[in-house]
Each structure stands twice: as structure tokens, then as C-alpha cells.
Amino acid sequence: MIVELVSNGLLLMPPQTPLTVYPWLISHGDFSKVFIGGDSSGGNLFHNIAMRAGVEDLPGGVKVYGAYLNHPYLWGSKPIGSERVIGFEECNQCLIWNFAYLDAPGGLDNPMINPLALGAPSLATLGCSKMLITVAVKDQLKFRDRAVFYYEAVKDSGWKGGRGGSCLFYI
């Protein structure tokens, strides 16, 4: 049986674990093959969960089988690709991260937002065997280049997940 729990935007949970909120799911769900995924900062969040799943057991016996990162909110302290050079520090992506996590160790090169930063954990430890990363060709916020670099880094990291290729679509 496959159960999909999909949220458009952020899901605000009551102060309980999902395991106490969804008793039916506990009785009928198979937590040994969970797919996780999200858009923008949700994609970033699920990258971090997949990294965690690769080095420690997740609560409730959850095993991450696959991850879907749609336009992940990845960033860093130095511009790459088509990102503007002049005024880079004042772009929305920099301002939002600095507002959300002002004291982040490493700032914009904290592995939570920049998984390709010097000293970040190896992407080979991603705790899933399947991954889908999608980006828009005409991305106005300039996350595309970082997602493509991320894809290449995962592919070159020694990650034991399945190999695929690129395709031309956007959800």
C-alpha cells in the first residue's frame, strides 16, 4: 500500500509527533520505504533529512528510500554560474538566510544551505537510494545553477544510489 501525504507550502503540525497524529498511518503504513520531498526550502530541508538518514537511525524506524528536491534552496557565500557578482551579498537569498539563521556556523557556507561548502559532510552518505532533482530552465531566483552543481556533486560523490539522467520537464 502506498500512502501519500502532500503539503502545499509549510505543514504546521500540532505539538505532537506525526506518529501520534496519524494512528491509521501507524497501523497501516510501511515506514521502511518512505519517500520525502519538497519545493525550495522544503527541498533543502529534505536534503538535510536524507543526509541525517545516512548517518543515524531516524525516529519511529523510518527508512528514507527516495528524495525529491524540487528547486532546492541551496546557496553559498560566493556567486556561481549566472548569479550576479555586484551586490551579491544584498540579494534576497543571502538576506533571507542571514535573517533566518543569523548565527549559522559558516554563514552562507553552512552545510544546511550549502552542501558543497568546504568541510560539508560527503554527499556519498545520503541516506536514500533514489533521488529526483528538478529545476526550471528560466529560474528567476537563480537557484538553477546551484541545483545542477548539486546534482553533479551527488553523482561524483560515490553515493550508492541509483543513476539516472536529465530530462526536460518541470512540475
Step-by-step ring-ring contact (aromatic ring centres under 6.0 Å, His included) determination, Phe143 to Trp75: CA-CA 8 Å; Phe143 291 120; Trp75 207 247; 5.8 Å; yes
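What you find for Ala50 and Cys128 is that their closest heavy atoms are CB-SG, 4.3 Å. Across Ala147 and Val135, no two heavy atoms sit closer than the pair CB-CG1, 3.1 Å. Asp145 and Ser82 make their closest contact through OD2-N, 2.6 Å (heavy atoms, listed as atom of the first residue, atom of the second, distance).
For residues 42-53, the pairs satisfying salt bridge (Lys or Arg N to Asp or Glu O under 4.0 Å) are Arg52-Glu56, with sequence neighbours left out. The salt bridge (Lys or Arg N to Asp or Glu O under 4.0 Å) analysis of residues 75-88, with sequence neighbours excluded, yields the pairs Glu83-Arg146. Here ring-ring contact (aromatic ring centres under 6.0 Å, His included) pairs that include residues 39-64, with residues two or more places apart or in two chains, are His47-Tyr150.
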Table please: side-chain donor-acceptor pairs of residues 101-119 below 3.5 Å, with sequence neighbours left out.
unit_1, atom_1, unit_2, atom_2, d
Asp109, OD1, Ser77, N, 3.1
Asp109, OD1, Ser77, OG, 3.4
Asp109, OD1, Asn114, ND2, 2.7
Asp109, OD2, Ser77, OG, 2.4
Asn110, OD1, Met112, N, 2.8
Asn110, ND2, Pro105, O, 2.9
Asn114, OD1, Leu116, N, 3.1
Asn114, OD1, Ala117, N, 3.3

Donor-acceptor pairs under 3.5 angstrom involving side-chain atoms of residues 57-64: please list them, not counting sequence neighbours.
none

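In terms of modelled atom types and a separation under 3.5 Å, the side chain of Ser40 and the main chain of Gly42 share no donor-acceptor contact.
Applying the 4.5 Å side-chain rule to ILVMFWY residues, one finds Phe35 in the same cluster as Tyr65.
In this structure, CH2 on Trp97 lies 14.0 Å from SG on Cys91, to the nearest 0.5 angstrom. With values rounded to the nearest 0.5 angstrom, Glu89 atom CD is found 10.0 Å from Leu95 atom CG.
Partners of Asn98 according to the side chain to side chain donor-acceptor pair (under 3.5 Å) rule, which considers only residues two or more places apart in sequence or in another chain, do not exist here. The side chain to side chain donor-acceptor pair (under 3.5 Å) search around Glu90 returns none, not counting sequence neighbours. Partners of Glu152 under the salt bridge (Lys or Arg N to Asp or Glu O under 4.0 Å) rule, at least two apart in sequence or in another chain, are Lys155.
By the 4.5 Å heavy-atom criterion applied to side chains, Gln93 and Tyr73 are counted as neighbours. Leu132 has its side chain within reach of Thr134: a pair of non-hydrogen atoms, C-beta onward, lies under 4.5 Å apart.
Note on Leu69: it clusters hydrophobically with Ile80, by side-chain heavy-atom contacts below 4.5 Å among ILVMFWY residues.
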